[in-house]
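All remarks here apply to the structure that follows.
Order of the sequence lines sets the chain letters (A, B, ...), proteins ahead of strands, with each chain counted from 1. Computed from a prediction, not measured in an experiment: that's the story for all the values here.
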Amino acid sequence: MSRLSPAEIEPKWQAAWDDAGVFTATRDPAREKYYVLEMFPYPSGRIHMGHVRNYTMGDVVARYKSSCGFSVLHPMGWDAFGMPAENAAMASGGHPKDWTYANIATMRDQMKPLGLSIDWSREFATCDPEYYGQQQALFLDMLEAGLIYRKNAVVNWDPVDMTVLANEQVIDGKGWRSDAPVERRELTQWFFKISDMAGDLLDGLDTLEDWPEKVRLMQANWIGQSRGLQFAFSLDAESVGHDRIEVYTTRPDTLMGASFVGISPDHPLARALEADNPELAAFCTECRRTGTTEEALEKAEKRGFDTGLTVRHPFDTAWELPVYIANFILMDYGTGAIFGCPAHDQRDFDFATKYGLPIPPVFVEKDAEDAQLTEAFVPPKTEPVHYVRGFAGTPVQTGADGVDAAIAFCEENGVGHGVTKYRLRDWGLSRQRYWGCPIPVVHCDTCGVVPEKKENLPVRLPDDVSFDQPGNPLDRHPTWRDVPCPACGAEARRETDTMDTFVDSSWYYARFTAPRAETPTDAEDAAYWMNVDQYIGGIEHAILHLLYSRFFARAMQVTGHLPETAREPFNALFTQGMVTHEIYLTRDEKGRPVYHLPEDVTDGRLADGTEVEIIPSAKMSKSKKNVVDPVSIVEAYGADTARWFVMSDSPPERDVEWTASGAEASYKHLQRVWRLASTIDADMRAATPEDLTPAPARDMPLLRTIHRAIAEVTEGIEGFAFNSSIARLYAFANAIAKSDATLPIRAQAMRVLAQLMSPMTPHLSEEIWHLLTDGAEGLVAQAAWPVADAAMLVEDSVTLPIQINGKRRGEITVPADASREAVEKLVLETDAVRRALPEGTAPKKLIIVPGRIVNVVV
RNA sequence: GCGGGCGUGGCGGAAUGGUAGACGCAUGGCACUUAAAAUGCCCUGGGCAAAUGCCCGUGCCGGUUCGAGUCCGGCCGCCCGCACCA
């Protein structure tokens, strides 16, 4: 019997699919459409197992839906702008464009042998001028619609390299190349007004029923709606032009526990005070050294600086509160100023303790009026609290009701007003880098900031740039900046900032519906194909990419580029786990990790004998050099094996650690299925008339198995439990191998097995299908998905485990339609129950869950 | 620090609140073979036991329930995100 050679059959069937145009997406009004999309890859240079897993999942869905009769759109493209291309250019002197397109070519060549059902005619890269030109058109429309504006924002500035650094380029507060302490610097930048849509983006989450609950929760927390009180503290003496401090609090119910007022180091008052107070200025400067990430701010030691200013409590003019500058207060959130209530907030408690400030409680535990607080008291939700200091003697409740009551009380007494705020900040899109989509505006001395004319799009990146020094090459380009003002025609300067790469990935799904259109989208195509029915990608994108995409769908609707029905672009979302692998690292003289490729490590040592640290289950990433190359797996075992393995070993939402033994095992199993098919085929060809005579009694068990397999495998695919589907397929193959059913029924089972396997192992399935149908029924890829006969799924009898006091002690088999009374009688007659029950006594309780279990309580 | 998630045999994992460990890997045994590979068959959570069986067991502690891997509360550990990484 011939061994199956993936190297022979896989290209053959891929060519057959191409010839038949099976995967070309066509707008067919007669059929329901299905748009399945995996998050497109960054062209890092080689595909890795995470890609294989991601795209195989999408492929399983696409092939399955296609078999179910849908008109399927399953495209692929490249998220091609970004820093690695510039880093490569700086390191090796090439050009980001060449590097990127070469990587794309390599990865496409690596991806195609996987046999994915992708419509490659729709492929594009975000660095294609045809794509980013349309993105510039979107920018102009959104600018005109008031969705984009300019304001100052803080960036990480490397004072040695004289360049802006991304957060990941800041290591322990220092520039990654220069090692110089990073400074904060303000630049005028472009922003999307995403905060205007905060409420709508929050409300929209409720409609996303087919998104993971955790992603919706993360997004809701990220948007961070809060209801609070905004009011002002009056300064005792006007200082540097300020006479009040505007404060926002989500805990107005603790206003009577105020101990101090804190303002951000970036608060206008703090900035004004810096001029006359060198000590204060030094403190603020020190605070600004902390990285710009929220994580760095939150983890930094909480520090304050007493400004010497005081304010009056709004409900008691005799009550004086000190004003501190505190490093943990963000200028971006609320008003950049807070009041501190140490008795009921742990951070404020720590702060008050550190600076010797009073800790007046608002409420205490019952019977604990005199107790000294050793930590902030946050009352349990259910317990009543005892008030020691309510508003004007009136106790208010805690919790949401208390906040509402406190806001109402404050409003009645003329202290501020209730407001709804969001944590979500506007999205800064300006990047001071070359390899991105140029922002299509021109700076004119007389007209100011002027949008480029649409007919001048795309604003192309110049090719003649150098990366021999840090900073943005567009700034250094001799002529690229010089353009006439689109408004007055005078000499003007092009903006040299480019767009955040998140912009590129925020609308690519819409572009796939009409990738060659002369406008960003085509109305008819968008109406037919949108929304994405199933989106698949990593959980690491749970917040930013998905939120930005949701914003963009709305913004594109406002600007007329998407229909109203595409408000939420992704109907269903699946977040896959990552493919992990050990990482190997050594440390440089500063203790920073240096990563090594698996092939450079032998028995835990480098070639020069240096021992390496091994960290298990680390996310596969190019920078960590722990990428397993799928190409070698495909070459050794074929695409079907790689696909089968990545789908079989782990539930798709969970991380999977790559192991070499798993691929080997998958390969063996697929060979076994092939042998089984070949044997059945050979037997059919040599069959005598007796072999073909039906024998219903012999055939019934396998017929039932066929229909159960159809039902269970289908259910697994529908529910994204691919690993369970594959477990069922193993069981099905074993059942066929062991069955004594007649040949025609075994052949029928084998054809169904091939079909059910086809989303995962399309090439092997085609080969088996072709063999068993003599090529008379075309391609599996075009065959209709089998349907389970419900009548065949019903069992005649059922085995019920019998528990005694919750522990399994026996079982009985009863007819599936047995009455409760009949089951009860049989249960009481079993040995296990008789042994447990004293002679003649009845059980205390008898629980019968029909079809499932019996529990006897004695 | 904040937000979110995960934790089950030697390993990957299965299990609408209802027989914990399906299915697969690995280990061991057997068959085939001159031999090996390949292939096929069998066993395999731990403990006690000749055996029908019995006890323990889903990170830890507690709770709800006839019944908890699953629900609730409190911990521990690991992972993801934190707005200029993609």
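- Within the 4.0 angstrom heavy-atom criterion, no nucleotide atom of any strand lies near A:Gln169.
- Checked options A:Ile847, A:Thr830, A:Val827, A:Val814; the residue passing with A:Val854 is A:Val827 (criterion: side chain to side chain contact (heavy atoms under 4.5 Å, CB included)).
- Among the protein residues, A:Val155 comes within range of the nucleic acid bases, having at least one heavy atom under 4.0 Å from a base atom.
- Within 4.0 Å (heavy atoms only), A:His669 reaches no atom of the nucleic acid at all.
- Between A:Ile726 atom CD1 and B:A14 atom P the separation is 13 Å, expressed in whole Å.
- When both distances must be under 3.5 Å, the Watson-Crick or G-U wobble mate of B:G77 is B:C6.
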Might you list the N or O atoms of the protein lying below 3.5 Å from N or O atoms in nucleotides 24-33 of chain B, with each pair's distance?
unit_1 : atom_1 : unit_2   : atom_2 : d
B:G24  : OP1    : A:Asn734 : ND2    : 2.9

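- Using a 4.5 Å heavy-atom cutoff, the side chains of A:Tyr132 and A:Pro438 are in contact.
- Contacts of A:Arg423 with the nucleic acid, taken as non-hydrogen atoms under 4.0 Å apart, include base atoms.
- Taking atom C1' in both B:A38 and B:A50, one finds a spacing of 39 Å when rounded to whole Å.
- Proximity of A:Arg185 to the phosphate of B:C84: no side-chain N or O atom is located under 4.0 Å from OP1 or OP2.
- Rounded to whole Å, the distance from CD on A:Glu168 to C1' on B:G81 is 14 Å.
- In summary, A:Asp266 and A:Arg288 engage in a salt bridge, as defined by a charged side-chain N under 4.0 Å from a carboxylate O.
- Nucleotides B:G21 and B:A15, compared at atom P, are 13 Å apart to the nearest Å.
- The side chain of A:Lys807 contributes an N or O atom lying less than 4.0 Å from OP1 or OP2 of B:C56.
- A:Pro651 comes within 4.0 angstrom of the backbone, heavy atoms only, and of no base.
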Donor-acceptor pairs under 3.5 Å, side chain of residues 49-56 of chain A to any protein atom, not counting sequence neighbours: which ones?
unit_1  : atom_1 : unit_2   : atom_2 : d
A:His51 : ND1    : A:His48  : N      : 3.0
A:Arg53 : NH1    : A:Gly577 : O      : 3.0
A:Arg53 : NH1    : A:Arg654 : O      : 2.9
A:Arg53 : NH2    : A:Pro651 : O      : 3.1
A:Arg53 : NH2    : A:Arg654 : O      : 2.9
A:Asn54 : ND2    : A:Gln576 : OE1    : 2.8
A:Tyr55 : OH     : A:Met39  : O      : 3.2
A:Thr56 : OG1    : A:Val52  : O      : 2.5

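- Heavy atoms of other residues, nucleotides or ligands lying less than 6.0 angstrom from NZ of A:Lys151 number more than 12.
- Looking at A:Met107 and A:Trp78, their side chains come closer than 4.5 Å, going by heavy atoms from C-beta outward.
- Look at B:G69: its glycosidic torsion is beyond 90° from 0, and that puts it in the anti range.
- Residue A:Glu653 is classed as having no contact, given no heavy-atom separation below 4.0 Å to the nucleic acid.
- In this structure, CD1 of A:Ile804 is placed 14 Å from C1' of B:C54, rounded to the nearest angstrom.
- For A:Glu653, the CD atom counts as densely surrounded, since its 6.0 Å shell holds more than 12 non-hydrogen atoms of other residues, nucleotides or ligands.
- Remark: A:Lys193 does not engage A:Asp426 in a salt bridge, criterion side-chain N to carboxylate O under 4.0 Å.
- Residue contacts for A:Phe328: at a heavy-atom cut-off of 4.0 Å it reaches no nucleic acid atom on any strand shown.
- For the pair A:His545 NE2 and B:C84 C1', the interatomic distance rounds to 17 Å; values are reported in whole Å.
- Between A:Arg808 and B:G67, a side-chain N or O to OP1/OP2 separation shorter than 4.0 Å is absent.
- Within the 4.0 Å cut-off from OP1 or OP2 of B:G13, at least one side-chain nitrogen or oxygen of A:Ser650 is found.
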Set out, line by line, the N/O atom pairs under 3.5 Å between protein and nucleotides 2-4 of chain B.
unit_1 : atom_1 : unit_2   : atom_2 : d
B:G3   : O3'    : A:Asn221 : ND2    : 2.9
B:G3   : O2'    : A:Asn221 : ND2    : 2.9

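- Counting atom types as modelled, A:Asn855 pairs a side-chain N or O with a base atom of B:C66 as donor and acceptor under 3.5 Å.
- In terms of phosphate contacts, A:Ser724 brings no side-chain nitrogen or oxygen within less than 4.0 Å of OP1 or OP2 of B:A14.
- For A:Arg433 against B:C84, a side-chain N or O and a base N or O form a donor-acceptor pair under 3.5 Å.
- Residue-to-nucleotide contacts include no donor-acceptor pair under 3.5 Å from the side chain of A:Glu712 to the base of B:C23.
- Classification of A:Lys299 and A:Glu294 as a salt-bridged pair fails, no side-chain N sitting under 4.0 Å from a carboxylate O.
- Rounded to whole Å, atom P of B:U16 lies 14 Å from atom CD1 of A:Ile853.
- Residue contacts for A:Leu547: at a heavy-atom cut-off of 4.0 Å it reaches no nucleic acid atom on any strand shown.
- Phosphate contact (OP1/OP2 of B:C84, side-chain N/O of A:Arg431, threshold under 4.0 Å): present.
- Nucleic acid contact class of A:Ser666 (heavy atoms, under 4.0 Å, all strands): none.
- Nucleic acid contact for A:Asp79: sugar-phosphate only, since backbone atoms but no base atoms lie under 4.0 Å from a heavy atom of the residue.
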